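Just so you know, these numbers come straight off a predicted model, no measurement behind them. Just so it is clear: chains get the letters A, B, ... in the order the sequence lines come, proteins before strands, and each one is counted from 1. No hydrogens, no waters, no symmetry mates; every other heavy atom, side chains included, goes into these values.
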Amino acid sequence: MSDRGRPDPSGDFESTLERIMAERAGKADRLRAAGHHPYRNDVKPTHTVASVRARYEPTKPPPAPAPEPGAPRAKGDGEGIKPIDGDRVRVAGRVVAKRGFGKTVFAPVRDATGDLQLYLNVDHLDAGDFATILPELDVGDIVAAEGPLFWTKRGELSLLAARLQIVTKSVRPLPDKWHGLTDVEQRYRQRYVDLAVSPEVRAVFTKRSQIVAGIRRYLDARGFLEVETPMMHPIIGGAAARPFVTHHNALDMRLYMRIAPELYLKRLVVGGFDRVYEINRNFRNEGLSRQHNPEFTMLEFYWAYAVYTDLMDLTEELVTDLATAVNGSTRVTWDGTEVELARPWRRVTVRDACHQLGGLPVADVDALFTDPVAAAGIALRHGVPAHDVAKLLLAGVPEGAWDGLELGLLTTELKDPATRDRVAPRVCERYAQGDEARIRAGHLGYYVFEATAEAKLVQPTFLTQFPLAVSPLARKNEADPAFCDRFELFVCGKEIANGFSELNDPADQRARFAAQSRARAAGADEAMDYDEDYCRALEVGMPPTAGEGIGIDRLAMLLTGQASIRDVILFPLMRPE
RNA sequence: GGGCCCAUAGCUCAGCGGUAGAGCAGCGGCCUUUUAAGCCGUUGGCCGAAGGUUCGAAUCCUUCUGGGCUCACCA
């Protein structure tokens, strides 16, 4: 042991980390021995860094000429420093760097609002603090310092510390001060470190918070009521996705983590809440990707006496307002693409998108959405998997009437060009006539849209007029009942929002649920359950309503320019370490 | 789940068949306006795990674990 009580450097530690942590714990012990609690809770800052800056920034002197490179530095005695005024402030935060000069130490400190440099000098700091606290100070410690402000020669606002306290001793070292934490796995697993050392990461999550707050303000101001509906559902509904399953012991009941709040929110519209919204988590048991986290945040809102075009208008206004509030601009760069969010946004039907963006000839597009046999051929030609085509064709077949129509066999036959042209008619001629034929075709058409056009919706675009089969809760279009008054908002090929005029005809809704049940029987395990109580609610009567869901994570990605959803979710799902 | 890539000191990275390196951080010094401070000295690693090939493996092969990208599913 040295005379200063340092741990024996030849001590037997298993790693540098353990040695550093032992050294820091030793510093905490020495602080304790000197009467300074290393984890004290009696410190109240008088100012945040931001408030200090706001107050003193106007006093900033003109910049001094930069010294010649390599010129010898003038030595001072610390007496030449002139505080800006006689007022003292006390700020507290984490030490993010330490530059020692023997009798002077510069230590920038970071609180929730910003960074401020402490100037810790033997002639200005309390002699006891200089002798007993400063030697134990490490980068990462949380400190409080008190004193007046001054401007350094280089024009840095600095706190001329008269007192210094270590409020919380950090015993685990922070990452490299220059590179920070770049290992993405550690950034997500140890988000506290990521946030502590990366102001730009903090800024992303601050913006996310502002976005959510802005949405609430916007909707509250328009008479929408924020509500909370169940997260645990006895049946699956409101979206097409596989659920997480859980169990309630006392009721011995299977429950599903909700995949969407839609059917509950519309029950509230039936009850007379004409404008409601919920911002909360949905859970979907699907794959993870840069666009998908198993739990994600959704805004859903329902607006009585509105139609889907009103929703598009609202969405344009809301998103541009948010962009301006958060970024001061309607231009953003998302994943390398320049996006202009200024209104108005393009509106294009699914059919027109197939033609204009997907490059399909008009004749093909016409056939695609009317004739399931032709649609099957077009879909296969554009790379839609035979298995999916088979599943869609079978979804039109009433249960119990399959006679030999089997998914695997049909898939095989569709894969084979020799049998392909024979097999689709065999299914469709018997079970897909009239409207049903157009519904089957529309579903295939949507698959073709996804295969050919979706990725080309780069600038904000409302895709409208969705095929009925993919919209079991949306109102039919009056002019063409094979389509629904529905839209989705796409930016950079990614879906941000989904809204429609709500289906409020209970008989039609029952037919749609029945179709979902058939689809499930044909192998679509993401199809919705038949929700009897929801039908009962519609029978009580829901006013004409339009409703929309906006993916908050993706909106936050867009407005913060983040390419990965994990960079807008504080604690994304990871495998256990 | 499939394909491709990654894993070396606390952090950021080099080394890619001959037995472990740098910068930062740490530790000991010098230094009273620095800001990736500087200078001198110095500690620190079972090279993700387990097998295999080889006289010899961080390096080549296999498997596993974790992560990234991507495809599929989906929002």
Side-chain angles (χ1 to χ4, degrees), chain A residues 2 4 6-11 13-24 26-27 64 67 70 73-81 96-108 115 117-125 138-140 150-156 158 160 172-189 193 197 239-242 259-260 282-294 296-298 385 387-388 450 488-490 494-498 525-526 549-555 563-566 574-577:
Chain A
S2 77
R4 296 198 52 215
R6 303 282 174 198
D8 183 349
S10 65
F13 295 106
E14 292 206 351
S15 66
T16 34
L17 176 61
E18 285 184 18
R19 201 188 63 230
I20 290 169
M21 291 184 68
E23 282 161 359
R24 289 185 166 209
K27 293 173 183 175
R73 292 204 166 95
K75 291 203 170 191
D77 59 3
E79 295 301 327
I81 289 170
V96 293
K98 202 178 107 182
R99 295 181 283 274
F101 284 78
K103 299 201 169 54
T104 297
V105 172
F106 295 89
D115 291 5
Q117 175 171 266
L118 305 184
Y119 182 83
L120 305 158
N121 173 267
V122 65
D123 295 327
H124 296 87
L125 184 62
D138 285 306
V139 171
F150 77 105
W151 292 98
T152 67
K153 285 176 185 167
R154 301 294 177 81
E156 176 87 20
S158 303
L160 179 60
R172 190 176 286 272
L174 290 174
D176 184 286
K177 66 188 173 193
W178 181 242
H179 299 94
L181 193 59
T182 63
D183 182 285
V184 290
E185 180 176 355
Q186 283 199 59
R187 288 188 45 231
Y188 300 151
R189 288 195 193 278
V193 175
V197 303
R242 294 203 304 264
I259 58 173
N282 288 347
F283 307 85
R284 299 190 185 174
N285 207 340
E286 311 280 0
L288 288 77
S289 80
R290 293 208 300 175
Q291 272 87 242
H292 300 88
N293 196 63
F296 63 103
T297 301
M298 181 80 104
H387 179 81
D388 293 340
E450 289 180 323
E488 287 187 354
L489 170 62
F490 283 86
K494 301 183 229 313
E495 184 191 336
I496 305 286
N498 172 26
D525 52 1
E526 75 284 358
I550 299 180
I552 297 300
D553 312 274
R554 289 186 184 171
L555 181 63
S564 171
I565 197 168
R566 294 188 186 90
M574 305 284 279
R575 283 195 164 87
E577 283 182 84

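- For the C1' atoms, the distance linking B:C11 with B:U53 amounts to 35 Å, nearest Å.
- The same atom, P, is picked in B:G51 and in B:U19; the two are 24 Å apart, to the nearest Å.
- Taking the P atoms as reference points, B:C5 lies 39 Å from B:U43, given to the whole Å.
- Taking 4.0 angstrom as the limit, A:R575 places a side-chain polar atom (N or O) nearer than this to OP1 or OP2 of B:G66.
- The salt bridge (charged side-chain N to carboxylate O under 4.0 Å, His left out) search around A:R172 returns none, not counting sequence neighbours.
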Close N or O pairs between protein and nucleotides 23-26 of chain B (under 3.5 Å):
| from | atom 1 | to | atom 2 | distance (Å) |
| --- | --- | --- | --- | --- |
| B:G23 | N2 | A:D176 | OD2 | 3.0 |
| B:A25 | OP1 | A:K177 | NZ | 3.0 |
| B:G26 | O2' | A:E23 | OE1 | 2.3 |

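- With rounding to whole Å, A:F490 atom CZ is found 10 Å from B:A75 atom P.
- With B:U34, B:U12, B:C69 as the candidates, the nucleotide lying closest to the side chain of A:L181 is B:U12.
- Atom C1' of nucleotide B:A37 and atom CG of A:N121 are separated by 16 Å, given to the nearest angstrom.
- With both ends at atom P, the span from B:A72 to B:A36 equals 46 Å, rounded to whole Å.
- The CZ-P distance, from A:R99 to B:C39, rounds to 15 Å in whole Å.
- Proximity of A:R290 to the phosphate of B:G68: no side-chain N or O atom is located under 4.0 Å from OP1 or OP2.
- Under the Watson-Crick or G-U wobble criterion, with both distances below 3.5 Å, B:A7 is paired with B:U65.
- Between B:A72 and A:R242, no contact under 4.0 Å exists linking OP1 or OP2 to a side-chain N or O.
- When the salt bridge (charged side-chain N to carboxylate O under 4.0 Å, His left out) test is applied to A:D115, the partners found at least two apart in sequence or on another chain are A:R110.
- In this view, A:Y188 satisfies the ring pair (Phe, Tyr, Trp, His ring centres under 6.0 Å) rule with no residue, not counting sequence neighbours.
- For A:T182 and B:U12, a side-chain-to-base donor-acceptor distance below 3.5 Å is absent, hydrogens and geometry of angles not being considered.
- B:C31 has no base stacking with the ring of A:F101 when judged by centroids under 5.5 angstrom apart and an interplanar angle below 30°.
- B:C24 has its base anti relative to the sugar, with a glycosidic angle deviating from 0 by more than 90°.
- Among the heavy atoms of the strands lying under 4.0 Å from A:Q186 are primed sugar atoms or P, OP1, OP2 only; no base atom is included.
- Heavy atoms of A:G287 sit under 4.0 angstrom from at least one base atom.
- Contacts of A:N285 with the nucleic acid, taken as non-hydrogen atoms under 4.0 Å apart, are absent.
- Looking at heavy-atom distances under 4.0 Å, A:M21 makes no contact with the nucleic acid at all.
- Put simply, CG on A:D183 is 13 Å from C1' on B:U8, counting in whole angstrom units.
- A:N498 comes within contact range of no nucleotide atom at all, as no heavy-atom separation falls under 4.0 Å.
- A donor N or O paired with an acceptor N or O is not found under 3.5 Å between the base of B:U33 and the side-chain atoms of A:E156.
- Using a 4.0 Å heavy-atom distance criterion, A:G180 is classed as a sugar-phosphate-only contact.
- Summarising the geometry, the separation between CD on A:E185 and P on B:U65 is reported as 14 Å, rounded to the nearest angstrom.
- A:E495 comes within contact range of the sugar-phosphate backbone alone, with a heavy-atom separation under 4.0 Å but no base atom that close.
- Going from the P atom of B:U59 to that of B:A50 covers 12 Å, rounded to whole Å.
- Annotation: B:G45 and B:A14 have their C1' atoms spaced 15 Å apart (nearest Å).
- Comparing B:C73, B:U34, B:A75 by their nearest atom to the side chain of A:F296 picks out B:A75.
- Atom-to-atom, CZ of A:R284 to C1' of B:C73 comes out at 12 Å; the value is rounded to the nearest Å.
- B:G29 atom P lies 14 Å from atom NZ of A:K103, rounded to whole Å.
- Here the separation of B:G10 from B:G1, taken at their C1' atoms, is 36 Å to the nearest Å.
- Every salt bridge (charged side-chain N to carboxylate O under 4.0 Å, His left out) that A:D138 has, sequence neighbours left out, goes to A:R24, A:K27, A:K169.
- Residue A:R187 is classed as having no contact, given no heavy-atom separation below 4.0 Å to the nucleic acid.
- The pairing partner recorded for B:A58 is none, the criterion being a Watson-Crick or G-U wobble arrangement whose two distances lie under 3.5 angstrom.
- Remark: the separation of the C1' atoms in B:C31 and B:A22 is 25 Å, to the nearest Å.
- Nucleotide B:G38 holds its P atom 14 Å from the CZ atom of A:F106, rounded to whole Å.
- Both distances falling under 3.5 Å, in either a Watson-Crick or a G-U wobble arrangement, place B:G26 opposite B:U42.
- Shown here are the salt bridge (charged side-chain N to carboxylate O under 4.0 Å, His left out) partners of A:E488, two or more places apart in sequence or in another chain: A:R486.
- Taking CG of A:L160 as the start and CG of A:D123 as the end, the distance is 10.0 Å to the nearest 0.5 Å.
- As judged by a 4.0 angstrom heavy-atom cut-off over every strand, A:A240 is placed among residues touching the sugar-phosphate backbone only.
- With rounding to the nearest 0.5 angstrom, the CG atom of A:L120 is 10.0 Å from the NZ atom of A:K98.
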